[in-house]
Asks: 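Can you read through this structure? Questions will come right after.
In listed order, ligands and their atoms are each counted from 1.
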Amino acid sequence: MTLFDSTAFEGHEGVHAFSDEKSGLKCIIAVHSTARGPAAGGCRMWPYADAEAALEDALRLSRAMSFKNAMADLALGGGKAVIIGDSRTQKSPALFEAFGASVEQLGGRYWTAEDVGVSPADLTHARKRTRYVAGLEGHPGASGDPSPVTAEGVFRGVQLCVRRALGRELDGVTVAIQGVGHVGGYLADKLHAAGAKLILTDVNAEVLHAVAARTGAQVVAPGAIFDVDAEVFAPCALGGAINAETLPRLKARVIAGGANNQLADAETGRAVFNHGLLYAPDYVINGGGIINVAGEIRAIERGEAFDVGWVDAKLDRLARTLEEVLDRAAAENRPTNEVANEVAKARITIAAEKRAAA
Ligand code: NAD
């Protein structure tokens with residue numbers, strides 16, 4: 001593959017490769033779009049097999065961030081950084097300082113944050129060389145753990161989907177949650193408080209039993225979660241939960257959860273639609289976390305404290321966006337994931353046209 005042949009490259013404004021011999025840094029920062037504002041997306045550290053694999057991941061993830069940020073109605077574009085290396089053995093303060101210097105070279109076109117393999121502690125080193133870092137603790141604009149906000153957005157989305165697909169409120173509805181870590185755990189609490197009955201699973205038995213004990217939930221083995229009698233299936237673990245093998249087993253009428261990349265591929269979205277299930281597109285319903293991060297970027301840029309009210313208003317708007325997607329998909333009799341992609345692309349194109357005309 002050459003860079004320009006990659007289907008993932010499509011639409012990218014810029015792709016930047018940085019290296020620092022002293023610290024061993026090798027990183028790629030992909031900026032998909034700054035049409036709506038500076039590109040924002042986390043930094044992932046991963047032992048990629050080669051630079052090509054790292055590039056492909058950076059491109060795919062940065063484009064996904066553009067879509068997610070547009071659907072969350074944020075004045076942010078999409079970007080992503082990947083550092084090639086093993087986060088367990090190859091981290092050092094110097095490496096993250098060099099990463100910070102790389103971010104700084106983009107002059108504010110890209111804001112970084114944590115992602116897989118990168119912690120807030122790592123980012124404090126990056127922060128020594130650039131101000132374009134979100135997700136740090138101990139300053140007035142700090143946004144803290146995004147998971148409760150993600151879970152609140154998912155909760156509102158589940159509520160909306162249940163009203164539409166089942167014509168009822170959450171009280172008495174059975175929800176199966178796959179993965180009760182940060183997002184799934186908070187979601188379980190909120191659903192329990194709303195009167196939903198829960199069936200939970202997790203590969204981490206300790207976490208699973210703690211959440212089940214406080215929510216009175218039934219517990220099943222990880223592989224059994226696709227077969228339970230539940231009206232809602234909420235994927236809150238890793239990607240790819242909905243695939244050709246699991247979809248026919250689901251008895252649920254609604255798929256709505258916090259995980260990223262829930263569908264194995266785009267065709268699965270069509271299969272979900274053909275099965276008559278209502279699917280809340282993942283990057284729309286789980287936009288609460290990036291809204292929280294955006295609240296921090298906004299606070300830093302304005303030199304103000306973090307504004308919880310602003311975040312809450314954006315969560316309301318996110319629920320309306322989800323409703324718009326579901327309305328249009330219903331009116332056009334099409335899969336919700338396809339409609340979401342179209343709406344996201346249109347929002348980015350409109351912003352790009354406005355910018356060009358200004
Ligand atoms: P987490 O690691 O805290 O929780 C994930 C949980 O899933 C863990 O408890 C893990 O043991 C469990 N798990 C993993 N594989 C499993 C399997 N096969 N079956 C059952 N359980 C399994 O992560 P999180 O922060 O809660 O994120 C969960 C998902 O939501 C991820 O896909 C993440 O990308 C996405 N997401 C998170 C946020 C956020 O704010 N944290 C925002 C947007 C999207």
Side-chain angles (χ1 to χ4, degrees), residues 40-44 46 57 60-61 64-65 67-69 71-72 74 76 78 80 87 113-120 134-135 143-158 175-191 198-212 215 217-228 230 233-243 245-246 249-250 255-264 280-296 311 314-315 318 322:
C43 170
R44 177 169 293 192
W46 194 256
D57 211 27
R60 187 178 61 80
L61 294 168
M65 284 312 301
F67 282 28
K68 185 182 277 208
N69 292 341
M71 293 310 257
L74 301 172
L76 294 173
K80 199 86 184 184
S87 63
E114 56 177 306
D115 193 64
V116 177
V118 175
S119 68
S143 57
D145 177 7
S147 316
V149 185
T150 303
E152 175 61 24
V154 174
F155 172 75
R156 294 184 195 186
V158 172
V175 182
I177 307 182
Q178 182 199 33
V180 285
H182 288 94
V183 175
Y186 288 117
L187 177 65
D189 291 336
K190 288 172 190 289
L191 290 169
L198 300 177
I199 304 175
L200 312 177
T201 195
D202 199 294
V203 290
N204 181 333
E206 199 181 322
V207 166
L208 176 61
H209 290 289
V211 179
T215 57
Q218 182 191 337
V219 161
V220 296
I225 197 73
F226 303 102
D227 305 305
V228 299
F233 180 64
C236 294
L238 305 179
I242 313 297
N243 55 49
E245 194 268 316
T246 58
R249 292 163 57 190
L250 290 182
I255 300 173
N260 280 317
N261 306 319
Q262 292 170 27
L263 304 175
D282 46 15
Y283 67 86
V284 183
I285 194 172
N286 74 13
I290 193 66
I291 288 175
N292 208 51
V293 171
E296 178 169 335
V311 168
K314 284 289 178 193
L315 277 182
L318 187 70
L322 177 59

Asks: Give a yes or no on whether the backbone of G289 and the side-chain of T150 come within a donor-acceptor separation of less than 3.5 Å.
Replies: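 Judged by distance alone, yes, a pair lies under 3.5 Å.
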Asks: In terms of atom number and element, which parts of ligand 1 are under 4.0 angstrom from non-hydrogen atoms of S147?
Replies: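 Result: 40 (O), 41 (N).
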Asks: Taking 4.0 Å as the limit for heavy-atom contacts, which would you say applies to T150 with ligand 1: side chain only, backbone only, both, or neither?
Replies: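 Under 4.0 Å from ligand 1, T150 contributes side-chain atoms alone.
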Asks: Return a yes/no value for V180: is any of its N or O atoms, backbone included, closer than 3.5 angstrom to an N or O of ligand 1?
Replies: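 No - when backbone and side-chain N and O of V180 are compared with those of ligand 1, no distance drops under 3.5 Å.
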Asks: Measure the CG-NZ distance between L61 and K68 for me, rounded to the nearest 0.5 Å.
Replies: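 NZ of K68 is found 10.5 Å from CG of L61.
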Asks: Among E206, H182, Q178, which one has a heavy atom closest to atom 25 (O) of ligand 1?
Replies: H182
Asks: Under a 3.5 Å distance rule, please check whether N69 uses its side chain to pair with a backbone N or O of L74 as donor and acceptor.
Replies: no
Asks: Out of all atoms in ligand 1, which are within 4.0 Å of some heavy atom of P146? Include the element for each.
Replies: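 Going through ligand 1 atom by atom, the ones under 4.0 Å from P146 are 40 (O).
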Asks: Between F233 and F226 (judged by ring centroids, cut-off 6.0 Å), do the two rings come close enough to count as a pair?
Replies: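 Centroid separation for F233 and F226: below 6.0 Å.
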Asks: May I ask which of V203, V116, I291 has a heavy atom nearer to atom 19 (N) of ligand 1 than the others do?
Replies: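 The residue whose heavy atom sits nearest atom 19 (N) of ligand 1 is V203.
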Asks: For N260, is at least one N or O under 3.5 Å away from an N or O on ligand 1?
Replies: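 Yes; the residue has a nitrogen or oxygen that sits under 3.5 Å from a nitrogen or oxygen of the ligand.
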Asks: How long is the span from the CD1 atom in I199 to the CD atom in Q178, to the nearest 0.5 Å?
Replies: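 The CD atom of Q178 is 13.5 Å from CD1 of I199, to the nearest 0.5 Å.
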Asks: Would you confirm whether D282, through its side chain, and Q262, through its main-chain N or O, come within 3.5 Å as a donor-acceptor pair?
Replies: yes
Asks: Polar-atom distance check: G258 versus ligand 1, any N or O pair below 3.5 Å?
Replies: yes
Asks: Return the residue, atom name and 0.1 Å-rounded distance of the protein heavy atom closest to atom 31 (C) of ligand 1.
Replies: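 Closest protein heavy atom to atom 31 (C) of ligand 1: A237 O, 3.1 Å.
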Asks: Kindly indicate, with the supporting measurements, whether the criterion side chain to side chain contact (heavy atoms under 4.5 Å, CB included) is fulfilled by C43 and D115.
Replies: CA-CA 5 Å; C43 170; D115 193 64; 5.6 Å; no
Asks: Mind checking whether V183 has an N or O less than 3.5 Å away from an N or O of ligand 1?
Replies: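 Yes.
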Asks: Rounded to the nearest 0.5 Å, what separation is found between the CZ atom of R249 and the CG atom of D227?
Replies: 4.0 Å
Asks: Considering heavy atoms of the protein only, find what lies nearest to atom 43 (C) of ligand 1 and give residue, atom and distance to 0.1 Å.
Replies: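 Minimum-distance protein heavy atom for atom 43 (C) of ligand 1 reads N286 O, 3.7 Å.
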Asks: Nearest protein heavy atom to atom 28 (C) of ligand 1, by residue and atom, and its distance?
Replies: C236 O, 3.3 Å
Asks: Let me confirm one number: the OG1-CD1 distance from T215 to I177, rounded to the nearest 0.5 Å.
Replies: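 Reported to 0.5 Å precision, the distance equals 7.5 Å.
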Asks: Is atom 9 (O) of ligand 1 less than 4.0 angstrom from some protein heavy atom?
Replies: yes
Asks: Heavy-atom contacts with G179 under 4.0 Å: which atoms of ligand 1 show up? List them by number with element.
Replies: 7 (O), 21 (N)
Asks: How many angstroms lie between atom CG of L208 and atom OG1 of T201, to the nearest 0.5 angstrom?
Replies: 6.0 Å
Asks: Which of the numbered atoms in ligand 1 are below 4.0 angstrom from a heavy atom of A259?
Replies: 29 (C), 30 (O), 32 (O), 35 (C)
Asks: Looking only at protein heavy atoms, identify the closest one to atom 4 (O) of ligand 1 and say how far it is in Å.
Replies: G181 CA, 3.3 Å
Asks: Which protein non-hydrogen atom lies closest to atom 11 (O) of ligand 1, naming both residue and atom, and how far is it?
Replies: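 So the nearest neighbour among protein heavy atoms is D202 OD1, 2.6 Å.
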Asks: Out of curiosity, E114 CD to R44 CZ, how far, rounded to the nearest 0.5 Å?
Replies: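 Here the interatomic distance stands at 12.5 Å.
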